[in-house]
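Here is the structure we will look at, set down as structure tokens.
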Amino acid sequence: EEKQTLGRTDSEALAEIEEKHTLAEKKLEERARIEEKLHSLEAELSELLSDSDSISRKIEAQIRALNTLSAESADMRVAMVTADTAIEEINGRGASSEEQIKQYNAELEKLDNEFAETNKLLGQFEEIIESNNNVLKGYELRLASKTQVAEAAKQELDTLNLDTEAKKRR
């Protein structure tokens with residue numbers, strides 16, 4: 001349930017809070033209406049008491065209605081307290097969620113900075129690798145050139161050695 005609560009957006013939490021406030025206001029209005037009826041019934045009851053015995057049945061009916069309204073009023077008060085508690089809990093969770101979102105955003109920013117720094121280093125390493133590859137190719141060309149010169153010198157030496165041998169034999 002906490003994961004669901006934390007997964008909600010601020011607008012969803014605010015909408016739920018607004019809904020609870022609206023519900024509480026409606027319940028307050030209903031309570032006021034019931035209490036107004038209650039006062040009205042009490043006034044009627046007072047009138048009926050002043051009349052005769054035939055009115056006693058009406059009084060009993062009014063008492064039953066009054067008891068029903070009193071029970072409804074008590075139920076409304078309980079519902080209102082429950083709604084207030086729910087609103088307080090939602091507000092508390094909202095504050096906790098906001099703090100956790102701030103922490104996640106701070107961590108995300110830190111990771112973004114690290115990623116940017118890593119990309120920068122990666123670019124530098126790629127430049128160094130490219131530079132070293134170019135140097136290596138240069139050395140390979142020099143080696144190839146010197147190898148050709150050495151082979152040419154070796155062939156010339158071999159030719160001269162053969163000529164010397166041939167002249168020594170004659």
Side-chain angles (χ1 to χ4, degrees), residues 1-140:
E1 181 183 68
E2 187 170 320
K3 284 183 182 179
Q4 271 186 325
T5 303
L6 292 177
R8 283 194 246 165
T9 64
D10 287 345
S11 60
E12 290 173 335
L14 289 174
E16 186 176 342
I17 290 169
E18 185 61 35
E19 180 182 324
K20 296 289 184 179
H21 279 293
T22 303
L23 183 62
E25 289 174 7
K26 286 181 181 178
K27 288 181 180 184
L28 284 174
E29 291 172 5
E30 181 66 24
R31 179 180 173 199
R33 185 186 61 77
I34 289 171
E35 287 179 355
E36 185 178 314
K37 282 184 180 181
L38 182 65
H39 291 302
S40 172
L41 287 174
E42 287 174 348
E44 286 181 31
L45 185 60
S46 294
E47 276 183 37
L48 291 175
L49 285 175
S50 63
D51 289 340
S52 70
D53 213 21
S54 65
I55 296 178
S56 65
R57 286 189 200 137
K58 288 182 182 179
I59 292 173
E60 288 176 9
Q62 292 298 321
I63 290 173
R64 282 191 296 269
L66 179 63
N67 289 339
T68 302
L69 289 174
S70 293
E72 286 178 11
S73 176
D75 290 344
M76 288 294 176
R77 278 185 252 133
V78 168
M80 189 175 84
V81 168
T82 303
D84 287 343
T85 303
I87 288 170
E88 288 174 11
E89 183 180 336
I90 289 169
N91 286 338
R93 285 183 180 175
S96 173
S97 296
E98 288 174 10
E99 183 61 35
Q100 196 160 16
I101 287 170
K102 285 178 186 177
Q103 289 174 354
Y104 289 150
N105 285 338
E107 182 68 21
L108 182 61
E109 185 177 335
K110 177 184 170 190
L111 291 174
D112 282 343
N113 290 338
E114 286 179 14
F115 181 72
E117 205 172 299
T118 303
N119 274 342
K120 181 181 176 184
L121 288 173
L122 180 62
Q124 291 173 349
F125 287 138
E126 287 173 348
E127 288 175 10
I128 291 170
I129 290 170
E130 184 67 29
S131 174
N132 288 341
N133 282 338
N134 290 339
V135 168
L136 182 60
K137 286 179 185 176
Y139 284 131
E140 286 173 351

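The analysis underlying the following values was restricted to heavy atoms, covering all of them including side chains, and did not include hydrogens, waters or symmetry mates.
Note that OH of Tyr139 is 10.0 Å distant from CG of Asn132, once rounded to the nearest 0.5 Å. With rounding to the nearest 0.5 angstrom, the CG atom of Leu111 is 13.0 Å from the OH atom of Tyr104. In this structure, the separation between NE2 on His21 and CD1 on Ile90 is 9.0 Å, given to the nearest 0.5 Å. Within the model, atoms CG of Leu121 and CD of Glu126 stand 11.0 Å from one another, a figure rounded to the nearest 0.5 Å. Considering CG of Leu66 and CD of Gln62, their distance stands at 8.5 Å, rounded to 0.5 Å. Here the straight-line distance linking atom CD1 of Ile87 with atom CD1 of Ile17 works out to 8.0 Å at 0.5 Å rounding.
Between the side chains of Thr68 and Arg64, not a single donor N or O lies within less than 3.5 Å of an accepting N or O.
Between the side chain of Ser73 and the backbone N or O of Leu69 there is no donor-acceptor pair closer than 3.5 Å.
Remark: Glu140 pairs with Leu136, Lys137 by the side chain to side chain contact (heavy atoms under 4.5 Å, CB included) rule, at least two apart or across chains. With sequence neighbours excluded, the residues forming a side chain to side chain contact (heavy atoms under 4.5 Å, CB included) with Lys26 are Thr22, listed by chain and number. Remark: Asp75 pairs with no residue by the side chain to side chain contact (heavy atoms under 4.5 Å, CB included) rule, at least two apart or across chains. Every residue meeting the side-chain hydrogen bond (donor to acceptor under 3.5 Å, both in side chains) condition with Glu35, not counting sequence neighbours, appears here in chain and number order: Arg31. Among residues two or more places apart in sequence or in another chain, the side chain to side chain contact (heavy atoms under 4.5 Å, CB included) test is passed with Leu23 by Lys27.
Taking the charged nitrogens against the carboxylate oxygens, Glu98 and Lys102 have no contact shorter than 4.0 Å, which rules out a salt bridge.
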Can Ser70 and Leu38 be said to form a side chain to side chain contact (heavy atoms under 4.5 Å, CB included), step by step?
-> CA-CA 8 Å; Ser70 293; Leu38 182 65; 4.0 Å; yes

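The local environment of CD in Glu42 is crowded, with over 12 non-hydrogen atoms from other residues, nucleotides or ligands closer than 6.0 Å.
Evaluation of the side chain to side chain donor-acceptor pair (under 3.5 Å) test over residues 112-124, restricted to residues two or more places apart or in two chains, returns none.
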